[in-house]
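A short worksheet on the structure shown next.
Keep in mind it's a predicted model, so treat the numbers as computed, not measured. All chains are named by letter (A, B, ...) in the order of the sequence lines, taking the proteins before the strands, and each is independently numbered beginning at 1.
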Protein chains: 2
Amino acid sequence: MEDIYADQERLRGFCQAILGATGADAPSAVAAARAMLHASSLGVDSHGVRLLPHYDKVFRGGRLNKAPNMKFARTRAGSGLLDADNAHGALAAYAAADHACNLAREAGIGAVGISRTSHCGPAGAYALAIAEAGMIGIVMCHSDSFVRLHNGAERFHGTNPIAVAVPTQGSNPWLLDMATSAVPYNRVQLYKSLGRELPADAASDHNGLDTNDANAVEMLAPLGGKFGFKGAGLAGMVEIFSGLLTGMKLSPEILPMGGPDITTPRDMGAFVICIDPDGLVGRSLLLAGMDRYLTALRESTSREGTTVMAPGDREWAEATRRSKIGVPLDPETVAEFRRLSQGAKIAAPF
Amino acid sequence: MEDIYADQERLRGFCQAILGATGADAPSAVAAARAMLHASSLGVDSHGVRLLPHYDKVFRGGRLNKAPNMKFARTRAGSGLLDADNAHGALAAYAAADHACNLAREAGIGAVGISRTSHCGPAGAYALAIAEAGMIGIVMCHSDSFVRLHNGAERFHGTNPIAVAVPTQGSNPWLLDMATSAVPYNRVQLYKSLGRELPADAASDHNGLDTNDANAVEMLAPLGGKFGFKGAGLAGMVEIFSGLLTGMKLSPEILPMGGPDITTPRDMGAFVICIDPDGLVGRSLLLAGMDRYLTALRESTSREGTTVMAPGDREWAEATRRSKIGVPLDPETVAEFRRLSQGAKIAAPF
């Protein structure tokens with residue numbers, strides 16, 4: 001079966017309506033749809049609209065609070081804690097990004113720890129929201145365990161992404177959004193379903209030994225291959241910021257995203273930092289510098305037959321393509337959307 | 001020829017005296033020696049006392065200011081810029097760490113951009129100084145070009161390290177200090193002199209193709225092997241913070257560390273962030289969390305015949321060993337130290 005292409009605004013409306021039908025309030029539905037469409041438009045399908053059936057299930061199950069009363073406590077001029085009251089992770093993270101921007105406008109830099117949140121979704125979405133406000137955003141969030149340590153033979157850290165976004169002059173922001181594992185877990189599932197060999201240094205068997213056989217995979221490998229202590233160290237940094245500076249659980253303590261328990265809140269954390277360039281070199285010098293940097297990068301020599309790209313370049317190109325052709329929906333997602341459409345009596349977006 | 005082992009305090013005194021003999025003021029000599037001894041005690045010899053002859057040369061040449069008048073301008077409650085007046089990079093970075101701590105105590109988080117600095121030395125030294133003050137430190141610095149981009153075929157970024165240090169309860173800080181390249185450049189030089197094969201995904205020939213032959217190496221590879229876009233993205237983040245938020249040069253624009261020009265200041269930048277846990281979850285909860293995290297990590301299953309370690313564990317063990325046996329000095333460093341000793345009429349530390 002082939003993918004179906006759906007219009008982004010119809011998808012957004014469908015996501016909001018389906019979540020609204022669970023009883024989730026409008027801010028929750030809007031934020032969740034915004035994060036999913038961020039990912040689906042940029043081609044990061046792992047965090048795109050394929051998550052809608054999952055979110056529908058956990059709103060209905062009670063894991064997520066349909067009408068959260070989030071409370072922000074500013075602790076100092078540049079720092080604060082957002083108690084997300086078990087909100088959808090996107091609602092919490094967009095709110096934290098807003099708070100961090102407000103802190104940074106005053107203090108030059110703002111740090112917001114998010115407690116009692118849930119699945120973060122695409123970390124890059126919230127970093128991008130900060131860059132769109134003209135500032136530099138850093139977002140970290142942890143997840144339940146998927147990734148072994150360097151020399152490890154069990155799942156320990158989550159895929160623990162780091163996202164960084166930096167504004168540019170008249171073009172799309174510089175946007176790094178990376179798991180600290182080599183690949184996301186659904187890449188393994190994709191390769192399994194396609195019967196393809198995994199690349200080296202990406203995933204490991206139950207002994208912690210790397211394997212190309214997607215069927216033998218028990219855990220992901222940290223970024224770096226034989227220098228995986230670096231990827232594991234970065235995952236640890238994300239764990240400390242997301243889980244410990246917020247008083248939340250550690251990755252190995254977090255209930256699995258997929259259930260079976262869909263009623264108990266997951267007590268996850270996340271962390272957002274915003275830097276106002278006007279508290280440092282100043283916005284105009286930063287933008288001029290980004291221009292000089294990106295020009296040098298794009299003009300630098302590439303390996304024969306390849307191209308060098310800045311973080312986000314591939315995604316922005318895909319966003320342009322998808323703005324014309326729509327968002328591809330895999331057959332499983334199409335079937336799930338039909339089920340949701342019938343259940344809620346809301347027209348499918350294709 | 002075999003290594004000679006030298007006592008750390010004699011080494012510290014020798015480094016300070018040799019730099020003092022160049023005319024460098026006491027704060028410069030003390031800070032430079034402190035950073036070198038940090039690295040030499042932890043086993044990070046690339047940034048240890050083997051740098052003394054280099055620093056001696058560039059203080060004498062005029063690249064480094066022997067009596068810098070560093071100026072800190074606080075721009076907001078949590079941010080500021082340190083104009084390092086072409087000071088030794090360690091003097092600048094320790095001072096920036098102090099300023100960042102002061103900002104963080106008040107604002108919860110502090111960000112200090114360093115302008116007009118020089119070779120940063122071991123980024124972990126300055127992050128550690130922040131952890132020793134009970135807070136979380138992040139230090140980034142760039143260097144002249146050594147590392148290709150993902151798909152790149154020329155040197156572009158520096159080795160652009162990121163260091164993060166987090167206090168713990170009653171044990172050594174959690175200490176991540178990593179280049180965003182897979183290996184440092186002197187690892188290549190070491191393998192060349194030993195006639196050993198380089199590991200995969202570490203370094204590349206003049207076409208940007210990875211090679212195991214140390215003699216064919218023209219550039220380093222970014223961390224991550226075939227996922228090197230992540231290592232290159234992290235290097236870019238370091239470049240933006242160190243070079244652009246400070247108004248300084250880009251890695252490809254920086255004069256090479258090794259000369260031949262040793263008179264012109266290098267216009268490098270660096271960046272320090274300090275987070276006061278009392279502006280977030282609070283120090284006691286962070287420390288209890290670190291204890292829980294490190295216990296879970298150390299008790300987790302490892303690959304047969306290996307051990308899992310937290311960032312810094314290997315270095316702290318080496319520091320214990322070296323506190324007893326001294327710091328190993330390779331034959332080239334011993335010869336250089338003899339030359340410096342004779343030239344300045346200062347007793348060698350062995």
Inset, instruction - Answer yes or no: is there a donor N or O on one side and an acceptor on the other, between the side chain of B:Lys230 and the main chain of A:Asp177, under 3.5 Å? - result: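 The answer is no, because no donor-acceptor pair under 3.5 Å joins these two groups.
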Legend entry - Check: A:Asn151 main-chain N/O paired with B:Thr306 side-chain donor or acceptor under 3.5 Å: yes
Inset, instruction - Would you please name every residue forming a side-chain hydrogen bond (donor to acceptor under 3.5 Å, both in side chains) with A:Asp210, sequence neighbours left out? - result: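 A:Asp210: side-chain hydrogen bond (donor to acceptor under 3.5 Å, both in side chains) contacts with A:Arg148, A:Ser204.
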Can you tell which of [options] has the highest number of heavy-atom pairs within less than 4.5 Å of chain A?
{"options": "B:Gly113, B:Gly225, B:Ala296, B:Ala310", "value": "B:Ala296"}
{"options": "B:Ile136, B:Thr75, B:Thr301", "value": "B:Thr301"}
{"options": "B:Ser300, B:Gly224, B:Ala288", "value": "B:Ser300"}
{"options": "B:Ala73, B:Ala182, B:Pro277", "value": "B:Ala182"}
{"options": "B:Asp201, B:Val183, B:Thr307", "value": "B:Thr307"}
{"options": "B:Pro311, B:Gly108, B:Gly279", "value": "B:Gly279"}

Between atom [atom1] of [X] and atom [atom2] of [Y], what is the distance when rounded to the nearest 0.5 Å?
{"X": "B:Leu285", "Y": "A:Met248", "atom1": "CG", "atom2": "CE", "answer": "10.0 Å"}
{"X": "B:Ile240", "Y": "A:Leu286", "atom1": "CD1", "atom2": "CG", "answer": "8.0 Å"}
{"X": "A:Glu106", "Y": "B:Ser79", "atom1": "CD", "atom2": "OG", "answer": "11.0 Å"}
{"X": "B:Trp174", "Y": "A:Glu239", "atom1": "CH2", "atom2": "CD", "answer": "10.5 Å"}

With a 4.5 angstrom heavy-atom cut-off, which part of [X] approaches chain A: side chain, backbone, both or neither?
{"X": "B:Ala200", "value": "both"}
{"X": "B:Leu297", "value": "both"}
{"X": "B:Arg105", "value": "backbone"}
{"X": "B:Ser145", "value": "neither"}

Which one, [options], leads in non-hydrogen pairs under 4.5 Å with chain B?
{"options": "A:Gly289, A:Ser251, A:Ala232", "answer": "A:Gly289"}
{"options": "A:Ala202, A:Ala179, A:Gly80", "answer": "A:Ala179"}
{"options": "A:Gly236, A:Pro252, A:Gly247, A:Gly228", "answer": "A:Gly236"}
{"options": "A:Gly231, A:Ala77, A:Ala107", "answer": "A:Ala107"}
{"options": "A:His150, A:Met309, A:Lys226", "answer": "A:Lys226"}
{"options": "A:Met290, A:Glu304, A:Arg314, A:Arg74", "answer": "A:Met290"}

Heavy-atom side-chain proximity of [X] to [Y] below 4.5 angstrom:
{"X": "B:Leu176", "Y": "A:Leu234", "value": "yes"}
{"X": "A:Met178", "Y": "B:Phe227", "value": "no"}
{"X": "B:Ile275", "Y": "A:Leu245", "value": "yes"}
{"X": "A:Leu244", "Y": "B:Val166", "value": "no"}
{"X": "A:Asn207", "Y": "B:Arg303", "value": "no"}
{"X": "A:Phe156", "Y": "B:Val308", "value": "no"}
{"X": "A:Phe241", "Y": "B:Ile138", "value": "yes"}
{"X": "A:Ile109", "Y": "B:Arg76", "value": "no"}

Could you tell me which portion of [X] (side chain, backbone, both or neither) has an atom closer than 4.5 angstrom to a non-hydrogen atom of chain B?
{"X": "A:Asp276", "value": "side chain"}
{"X": "A:Thr246", "value": "backbone"}
{"X": "A:Leu250", "value": "both"}

